[in-house]
Amino acid sequence: MQTTITGPRNAAPDSPQRNRPRWDDLPVPDDTANLRQGPDLDEACLGLLPLVGVWRGSGEIVDPAVEGARTFAQQLVFAHDGRPFLSFESRAWLVGEDGAIGELLERETGFWRPQPDGSLEVVIASSNGLAELYYGPKGDMRSWQIESDAVARTGTARETSGAKRLYGLVNQGDLAYVDERSLDGGEVVPYMSAMLSRVAG
């Protein structure tokens, strides 16, 4: 994935004013996906600063168990509460050729935990019964690559033995990613990819 940044960001016009829903009466700092609001970003997270925000877009899912590629839409949220990690949330759903919303896909939640040397520890749990532990090298403020070290699953979850993800800023500030994984005993192959634009933050 080529990751270049030129010119202004591709973003919703009002994205600098928008944020994720927040609870103003929470007695401790709430998550913010807008660097202009809420607590200051911890210095440990400066290498992840470009990710902070709410992102929406569409992509393609290629499941070896399903014939043909399918289109999906997605919202990703990278937020923080001033501590040295980012919270992560993903919601995705299939989209028909006519744009109609189809089957809801798995939801994910987790944490991106930068380490003193800039490397990453990432923990992601999904609604389909997986808990994945990723590690990655220090990013370059434009791209971040993580690879699973361990995958735990419930008795009813689909067999998944490994995964890799690459996130990168492209097209003057869009966020693109590729999720590769090994499913049902197969090789690690591209599974999901998407192009997302900033809508808040």
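Sequential numbering from 1 along the given sequence is applied to the chain's residues.
- Residues Cys45 and Leu86 form a side-chain contact, since some pair of their non-hydrogen atoms from C-beta on lies under 4.5 Å apart.
- Between the Asp140 side chain and the Ser143 main chain, a donor and an acceptor come within less than 3.5 Å of each other.
- Using a 4.5 Å heavy-atom cutoff, the side chains of Arg20 and Glu89 are not in contact.
- Looking at Asn19, its side chain never comes within 3.5 Å of a backbone N or O of Ala200 through a donor-acceptor pair.
- When all heavy atoms are compared, the tightest approach of Gln37 to Arg18 is NE2-O, 4.5 Å.
- In this structure, Arg158 does not pair ionically with Glu106, as no charged nitrogen and carboxylate oxygen lie closer than 4.0 Å.
- The shortest side-chain heavy-atom distance between Leu94 and Ile61 falls under the 4.5 Å cut-off.
- Note on Val52 and Leu196: same hydrophobic cluster, where clusters join Ile, Leu, Val, Met, Phe, Trp and Tyr whose side-chain heavy atoms are under 4.5 Å apart, directly or indirectly.
- Leu49 and Ile146 fall within a single hydrophobic cluster, where Ile, Leu, Val, Met, Phe, Trp and Tyr side chains are chained together by heavy-atom contacts under 4.5 Å.
- Between Pro50 and Arg142, the closest side-chain pair of non-hydrogen atoms is not below 4.5 Å.
- For the pair His80/Thr32, a side-chain contact is recorded, criterion being any heavy-atom separation below 4.5 Å from C-beta on.
- Residues Arg83 and Asp42 are not paired through a salt bridge, judged by the lack of any N-O separation under 4.0 Å between the basic side chain and the carboxylate.
- Side chain of Asp179 to main chain of Tyr191: no donor-acceptor pair is present (N/O by atom type, distance under 3.5 Å, no hydrogens or angles).
- Between Val95 and Ser58 the shortest side-chain heavy-atom distance does not fall below 4.5 Å.
- For Asp174 (side chain) and Met195 (main-chain N/O), no donor-acceptor pair under 3.5 Å exists by modelled atom type.
- The distance from the CG atom of Asn128 to the OG1 atom of Thr154 is 8.0 Å, given to the nearest 0.5 Å.
- Taking all atoms of both residues into account, the shortest heavy-atom contact from Pro84 to Pro114 is O-CD, 3.7 Å.
- Shown here for Gly129 and Ala157, the closest heavy-atom pair between the two residues is O-CB, 3.7 Å.
- Of all non-hydrogen atoms in Phe85 and Asp81, the two that sit nearest each other are CZ-OD1, 3.9 Å.
- The closest donor-acceptor contact from the side chain of Glu147 to the backbone of Gln145 lies at 3.5 Å or more, if one exists at all.
- Linking Ile, Leu, Val, Met, Phe, Trp and Tyr residues whenever their side-chain heavy atoms come within less than 4.5 Å places Trp112 and Leu46 in a single cluster.
- Expressed to the nearest 0.5 Å, how far OG of Ser148 lies from NZ of Lys164 amounts to 9.0 Å.
- Ring geometry for Tyr167 against Phe88 counts as perpendicular: the plane angle is over 60°, on a 0 to 90° scale with 30° as the lower cut.
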Could you please spell out the steps behind the side chain to side chain contact (heavy atoms under 4.5 Å, CB included) verdict for Glu121 and Tyr135?
CA-CA 5 Å; Glu121 296 178 354; Tyr135 289 96; 3.5 Å; yes
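- The CD atom of Glu103 lies 13.0 Å from the CZ atom of Phe72; values are rounded to the nearest 0.5 Å.
- No more than 12 heavy atoms of other residues, nucleotides or ligands shown are found within 6.0 angstrom of CG on Asp24.
- Leu48 and Leu76 end up in the same hydrophobic cluster when Ile, Leu, Val, Met, Phe, Trp and Tyr side chains are linked at under 4.5 Å.
- Atom CZ of Arg91 sits about 7.5 Å away from atom CG of Leu104, to the nearest 0.5 Å.
- Of the inter-residue distances, the one linking Arg165 atom CZ with Ser193 atom OG reads 12.5 Å to the nearest 0.5 angstrom.
- Here the CE-CD distance, from Met192 to Glu60, works out to 10.5 Å after rounding to the nearest 0.5 Å.
- Using a 4.5 Å heavy-atom threshold, the side chains of Thr160 and Arg153 count as separate.
- Nearest heavy atoms, Ala65 versus Asp63: N-OD1, 2.8 Å.
- You'll find the side chain of Thr109 stays beyond 4.5 Å of the side chain of Ile124, heavy atoms only.
- Residues Arg22 and Gly38 approach most closely at NH2-CA, 3.8 Å, considering heavy atoms.
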Which is it for Val54 and Gln75 under the side chain to side chain contact (heavy atoms under 4.5 Å, CB included) test, yes or no, and what are the steps along the way?
CA-CA 7 Å; Val54 180; Gln75 174 177 282; 3.9 Å; yes
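- Hydrophobic cluster membership is shared by Leu183 and Leu105, with clusters built from Ile, Leu, Val, Met, Phe, Trp and Tyr side chains linked at under 4.5 angstrom.
- Checked by atom type and distance alone, the side chain of Ser127 pairs as donor or acceptor with a backbone atom of Arg107 at under 3.5 Å.
- Around atom CG of Asp14, more than 12 heavy atoms belonging to other residues, nucleotides or ligands sit under 6.0 Å away.
- At distances below 3.5 Å, at least one donor-acceptor pair connects side-chain atoms of Trp144 with backbone N or O atoms of Gly47.
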Applying side chain to side chain contact (heavy atoms under 4.5 Å, CB included) to Gln115 and Lys138, what does each step give before you reach the verdict?
CA-CA 9 Å; Gln115 299 305 297; Lys138 182 178 180 180; over 6 Å; no
